[in-house]
Number of protein chains: 2
Amino acid sequence: MPATSRKAPPVEHVPELTTNRLSVYLRCLDALDTAGQRTVSSRALADRCLVNAAQVRKDLAYFGEFGVRGVGYTVADLRGHLRQILGLDRRRRMVIVGAGNLGMALADYAGFRDQGFDTVALLDTARHKVGTRSRTGIEVHHASELAEVVAREDVSVGVVAVPAAAAQETVEALVAVGVRAILDFAPPPVRTPPGVKVKHVDLAVSLESLSFFLAAEHHEQTPAPQP
Amino acid sequence: MPATSRKAPPVEHVPELTTNRLSVYLRCLDALDTAGQRTVSSRALADRCLVNAAQVRKDLAYFGEFGVRGVGYTVADLRGHLRQILGLDRRRRMVIVGAGNLGMALADYAGFRDQGFDTVALLDTARHKVGTRSRTGIEVHHASELAEVVAREDVSVGVVAVPAAAAQETVEALVAVGVRAILDFAPPPVRTPPGVKVKHVDLAVSLESLSFFLAAEHHEQTPAPQP
DNA sequence: CTCTGTGAACCACTTCACAGCA
DNA sequence: TGCTGTGAAGTGGTTCACAGAG
């Protein structure tokens with residue numbers, strides 16, 4: 001009777017694609033919850049998330065049995081379980097390394113706060129930036145203060161928004177002061193030490209993927225009809 | 001003798017993961033080129049990009065035969081081929097829909113320009129934002145001017161930086177005025193019309209992936225050794 | 001002998017299809 | 001009957017291993 005096993009099993013090895021989808025499911029459940037819906041079937045949830053229904057059930061099966069046969073899932077319960085599984089039942093503290101345009105923008109990006117991630121500081125090697133603040137008031141510290149800031153503010157997540165050339169050393173600096181989860185916006189591939197999770201967000205790759213699509217489309221005899 | 005076939009074959013169906021890696025290879029080749037290196041083997045390139053050497057060869061094989069057996073690839077040549085394949089031999093014009101923190105930040109992000117993508121305008125539905133400018137001078141237009149701006153400025157790429165609730169309609173509006181390549185920063189899954197490429201960048205999912213890692217790490221008896 | 005290009009083996013994730021419970 | 005949970009089948013992408021060109 002593991003119907004509502006709160007503690008996950010060893011969670012041997014959950015595919016990253018699965019955890020990514022859990023985030024998507026959670027957002028759909030949020031919407032269903034505010035819409036006042038009480039239960040949802042794997043099919044209905046899958047349709048909303050643009051995935052396969054079996055996929056939803058398989059993904060959830062990694063963590064327990066949350067559904068009721070013949071009925072579906074209780075929206076509020078499943079929402080709570082996913083929040084716990086994803087570790088969203090507590091807030092996280094975050095530093096952003098690199099106070100250029102991107103770093104500044106990320107510091108002010110409300111989406112992070114809304115998801116439970118509080119940016120406590122920006123860091124940069126440029127002396128003239130130290131002491132300035134982002135629009136919403138996040139202060140820029142000198143990079144040499146990294147260890148102190150991380151310890152004092154109980155930081156568990158680092159954001160890398162430095163130029164390509166500094167990416168590897170920035171990651172290493174973060175790891176050295178105990179940060180184990182890193183969101184990396186710098187372009188080049190970074191060698192990740194074991195026990196540390198680096199999530200790469202490469203805007204250049206995304207753009208070039210679009211560019212490839214446009215180029216390929218153009219090579220073929222542009223098949224766009226005009227009705 | 002297809003050794004340097006400039007025109008790609010039908011390019012039947014290239015996996016997205018392959019084109020993403022092409023971007024990574026290209027960046028490594030840029031570095032090798034400025035470092036003055038003339039040739040590179042698939043092994044050496046793979047090591048730099050943190051992938052398998054066979055992977056590099058397979059990826060390139062979708063587009064032709066660019067190497068010389070016993071030698072490797074000529075850095076400058078391969079770089080040129082990849083730029084052409086990815087459609088980076090011309091600049092693209094881009095609008096950003098949504099002039100909130102994220103949209104404004106993206107407008108000022110130099111990385112886009114560096115990759116050949118010029119942001120020509122921001123658009124927003126909020127009247128009071130119309131006429132204002134980003135720090136680097138990109139002007140905010142009213143959303144109703146989308147069609148006109150896209151036509152006048154020859155825009156081929158749209159960036160969606162609007163709140164979740166407006167994501168789907170924004171994508172549809174872009175498609176309606178002829179934009180076929182979209183970079184989407186809004187959280188919810190978006191139904192994509194055929195013939196249109198939407199590249200989703202979900203910062204919330206990325207963060208929650210890190211959160212999951214931290215939570216899982218905490219559930220186990222934190223196995224970090226202290227030597 | 002070196003290193004590319006590629007068929008074959010492998011692996012991971014997805015989808016199907018159905019047993020089993022409400 | 002309706003829908004979950006799950007073994008089995010299917011799919012796509014990665015890695016291996018080798019033939020063959022230089």
Side-chain angles (χ1 to χ4, degrees), chain A residues 1-5 8-9 11-25 29 32 37-75 77-78 81-82 85 189 209, chain B residues 1-5 8-9 11-25 29 32 37-75 77-78 81-82 85 189 209:
Chain A
M1 49 60 174
T4 38
S5 60
V11 184
E12 331 122 55
H13 174 242
V14 182
E16 169 114 14
L17 290 171
T18 288
T19 64
N20 289 352
R21 279 190 299 267
L22 293 187
S23 296
V24 177
Y25 303 156
L29 289 169
L32 289 169
Q37 194 159 336
R38 307 296 277 262
T39 67
V40 66
S41 68
S42 61
R43 166 78 90 94
L45 186 56
D47 286 351
R48 266 192 176 250
C49 300
L50 305 182
V51 300
N52 183 290
Q55 184 86 82
V56 172
R57 301 199 293 274
K58 268 271 157 66
D59 286 340
L60 297 178
Y62 278 102
F63 302 97
E65 307 197 354
F66 306 114
V68 180
R69 290 168 192 237
V71 179
Y73 303 88
T74 306
V75 171
D77 287 1
L78 186 54
H81 280 121
L82 290 185
I85 290 165
S209 170
Chain B
M1 50 60 174
T4 38
S5 59
V11 184
E12 330 123 56
H13 174 242
V14 183
E16 169 114 15
L17 291 171
T18 288
T19 64
N20 288 352
R21 280 190 298 267
L22 294 187
S23 297
V24 177
Y25 303 157
L29 289 169
L32 288 169
Q37 193 159 337
R38 305 297 277 261
T39 67
V40 65
S41 68
S42 61
R43 167 78 91 96
L45 186 56
D47 286 352
R48 268 194 174 250
C49 299
L50 306 182
V51 300
N52 183 289
Q55 184 86 81
V56 171
R57 301 198 294 272
K58 268 267 157 70
D59 287 339
L60 297 178
Y62 279 100
F63 303 97
E65 308 197 354
F66 305 114
V68 180
R69 292 169 192 237
V71 179
Y73 304 89
T74 305
V75 171
D77 288 359
L78 186 53
H81 280 121
L82 290 185
I85 290 166
S209 170

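By convention in this document, chain letters (A, B, ...) are assigned in the order of the sequence lines, proteins followed by strands, and residues within each chain are numbered from 1. Here the structure is a predicted model, which is why all the values come from computation and not from measurement.
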Check the distance between [N]'s [atom2] and [X]'s [atom1] and give it to me in whole angstrom.
| X | N | atom1 | atom2 | value |
| --- | --- | --- | --- | --- |
| Y73(A) | dC21(C) | OH | C1' | 14 Å |
| F63(B) | dG5(C) | CZ | P | 14 Å |
| F66(B) | dG5(C) | CZ | P | 9 Å |
| R69(A) | dC21(C) | CZ | C1' | 5 Å |

field: Residues that E16(A) engages under side chain to side chain donor-acceptor pair (under 3.5 Å), provided they are two or more places apart
entry: K197(A), K199(A), S209(B)
query: Excluding sequence neighbours, so at least two apart, what forms side chain to side chain donor-acceptor pair (under 3.5 Å) with T19(A)?
result: none
task: Using heavy atoms to find the nearest nucleotide of DNA chain C for V68(A) and L17(A) separately, return the residue whose nucleotide is more 5′.
output: L17(A)
- request: Under 4.0 Å from any heavy atom of chain B: name the first and the last nucleotide of DNA chain D that qualifies, 5' to 3'.
  value: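 So the outermost contacting nucleotides come out as dG13(D) to dG22(D).
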field: Y25(A) side chain near L78(A) side chain, heavy-atom distance below 4.5 Å
entry: no
message: Counting C-beta onward and ignoring hydrogens, is there a side-chain heavy-atom pair between Y73(B) and L45(B) closer than 4.5 Å?
response: no
Run the side-chain donor-acceptor check on residues 47-56 of chain B: report pairs under 3.5 Å with partners two or more places apart or on a different chain.
residue: N52(B); atom: OD1; partner: A54(B); partner atom: N; Å: 2.7

task: For residues F66(A) and L60(A), report the shortest heavy-atom separation together with the two atoms involved.
output: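 The answer is CE1-O, 3.6 Å.
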message: Looking at S42(B), I'd like to know whether one of its side-chain N or O atoms comes within less than 4.0 Å of OP1 or OP2 on dC3(C).
response: no
- request: For R21(A), check salt bridge (Lys or Arg N to Asp or Glu O under 4.0 Å) against everything at least two apart and list the hits.
  value: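 Here the qualifying residues are D59(A).
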Positions of residues 43-58 of chain A (non-hydrogen atom under 4.0 Å from DNA chain D), listed by number: R57(A), K58(A)
field: Exam field: side chain S41(B) to backbone A44(B), donor-acceptor pair closer than 3.5 Å
entry: yes
